[in-house]
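Worksheet: the structure to be examined is printed underneath.
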Amino acid sequence: MRVRFAPSPTGYLHVGGARTALYNYLAVRGNGGEFILRSDDTDTLRSSDEFQQDILEGMRWLGLDWDEGIDKDGPHAPYRQSLRLDRYRQVAERLMEGGQAYLCFATAKELDEMRRVAQAEGRPPGYDGRYRDYDPTEAAKRRAAGEDAVIRLKVPRPGETVFRDLVRGEVRFGHDHVEDFVILRSNGTPTYHLASSVDDVDFEITHVIRGEDLLSSTPKHILIGEALDAVPIRYAHLPLLMGPDGKKLSKRHGDTSLRAYREAGYLPEAMVNYLALLGWSFGEDQDVFTLEEAVGRFRLDAVQPNAAIFDNDKLLWMNGVYIRNMGDAEFLSRLEHLIADEYGELSPLQRSRLAGIAPHVKERIKLLTDVGEQVRFLLTDDIEYDSGSWEKIMTAPDAAAAVDDALARLRDLEVWDTQHIEGALRAMLDHLQLNGRKGLQPLRVAISGSSISPPLFESLEVLGRDDSLARLEAARSRL
RNA sequence: GCCCCCAUCGUCUAGCGGCCUAGGACGCCGCCCUUUCAAGGCGGUAACGGGGAUUCGAAUUCCCCUGGGGGCACCA
């Protein structure tokens, strides 16, 4: 088995592309075959190196490694279509010489007219084949004289292309609906259909796994393969990814680039896991699994044929699962990087505080980037009180008394750790006959500035005695 | 307009003729736990688009309708 993922570097790698790459990976890794990463960059105007790099980065980030292709080389190099232009032209010329393709001189105006008339008559819009039987010698002469001409494939007529799609079963297209399509433009460059099909043949691809949007182009690709007398390729068309509105996922649904998700604090493992679920199920009522586990179970014929809506809520939930499952050390190191990006180089004190609070923060965030507001109060002395929290908590009847009493007890505390702090504060609650909500929330607001924060006792320990007392006093004085 | 694909809870899905009074997950709603927020536990809400046909028996097979989607370039 040899599969390929062949994105055009005309934009950042998006989640739909990532899903296609993932399914290719899943299909081939369980088969001991090769995964080829190709660059369909024939559109030189829209292609850019920045996008190409982004695709590479995205693939690596997800952990989808490939065997041959861009950045990797291999027996069929180069894997970049822009470097194989001569090859495509030669193939087109050869097909023409063999009578399987022909020159066409129809102008843009003529083509427009054809389409208009065909539609008006309820026929499939498209080229009418007017140069199909044109005298080749005459055609060659006209081209030699400098006239613009494209090369079109001579689609067998009458005829029909039937193939067995690996996820959809038998699909058939009558050739009445497949025009003699252009394979080589008048400027000598190949169309997508030609370049892609030639590469698939040249690179000995056995299975083409791609989005359903290419299903109706498949007859063209099969026809080119047949004209080339190549070994038939198997096709699997994956269901499309849709936005919440049920339309094909695209820019209109916001930034759907993979990088946007990475920057938003999603983990690659969660992304891979979630993407795998869009069109496939692991089975046994299990939907959290690793890439390796998925490889072991994946089957193309188990892929769902119907489109899937990308549900950010579930992705978010899953990301939380992966964050919680992360090792403390790994989480801490990710956290340090993130915090350093925001606050600059961390001081030893900040680092140790981060390390102390990290395990507690890990349990309560869904996005890596959520971490900032949870730990802010530990990184700066300049805490700002959330006005809503302050009014609701600090102006309550028992707030001042709770702070005073806590202050007194904490000052005398012999050992400053979670356990002792909890003991002292529970004694305070007991003494004042207050429940946790009334007695502890004021302390939380006093030290963190908000009624929402990591667990109080742990936070106090991490903050340290001096700063904790200082903050309680500062808050008290504002009452 | 023409061609193709698809059709189970709001969403992702399990189901491949009887195990289905349709299972799981996300979301949502309760309750419990609880110092906040989470997490966790328990429970609940919610679906086989419609009509025929085949069959002793259809979510599962076939046909039609409806609905949704994709594609119809010298873009990929």
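Everything numeric in this text was worked out from a predicted model, so none of it was measured. Just so you know, these numbers use all the heavy atoms, side chains as well, and skip hydrogens, waters and symmetry mates.
Going from the C1' atom of B:C42 to that of B:U35 covers 23 Å, rounded to whole Å. B:C9 and B:C29 have their C1' atoms separated by 15 Å, given to the nearest Å. Nucleotides B:G24 and B:A76 are separated by 39 Å at their C1' atoms, to the nearest Å. For the P atoms, the distance linking B:G40 with B:C48 amounts to 30 Å, nearest Å.
Applying the ring pair (Phe, Tyr, Trp, His ring centres under 6.0 Å) test to A:Y12 and every residue at least two apart in sequence or in another chain returns A:F51. For A:R364, there are no side-chain hydrogen bond (donor to acceptor under 3.5 Å, both in side chains) partners two or more places apart in sequence or in a different chain.
Applying the side chain to side chain donor-acceptor pair (under 3.5 Å) rule to pairs touching residues 314-325 of chain A yields A:N273-A:Y322, A:D287-A:K314, sequence neighbours excluded. Screening residues 152-182 of chain A for ring pair (Phe, Tyr, Trp, His ring centres under 6.0 Å), with sequence neighbours left out, gives A:F181-A:H193.
Ring pair A:F282/A:F298: centre-to-centre distance not below 6.0 Å. The distance between the ring centers of A:F105 and A:Y131 falls below 6.0 angstrom.
If you take CG of A:N325 and P of B:G40, they are 10 Å apart, rounded to a whole angstrom.
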Pairs under 3.5 angstrom, nitrogen or oxygen only, protein versus nucleotides 3-9 of chain B, please.
unit_1: B:C5; atom_1: O2'; unit_2: A:R168; atom_2: NH1; d: 2.4
unit_1: B:C5; atom_1: O2'; unit_2: A:E212; atom_2: OE2; d: 3.2

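Contact between the side-chain N/O atoms of A:R152 and the OP1/OP2 oxygens of B:C74 is found at a separation under 4.0 Å.
Non-hydrogen atoms lying under 4.0 Å from RNA chain B are contributed by nothing in residues 9-18 of chain A.
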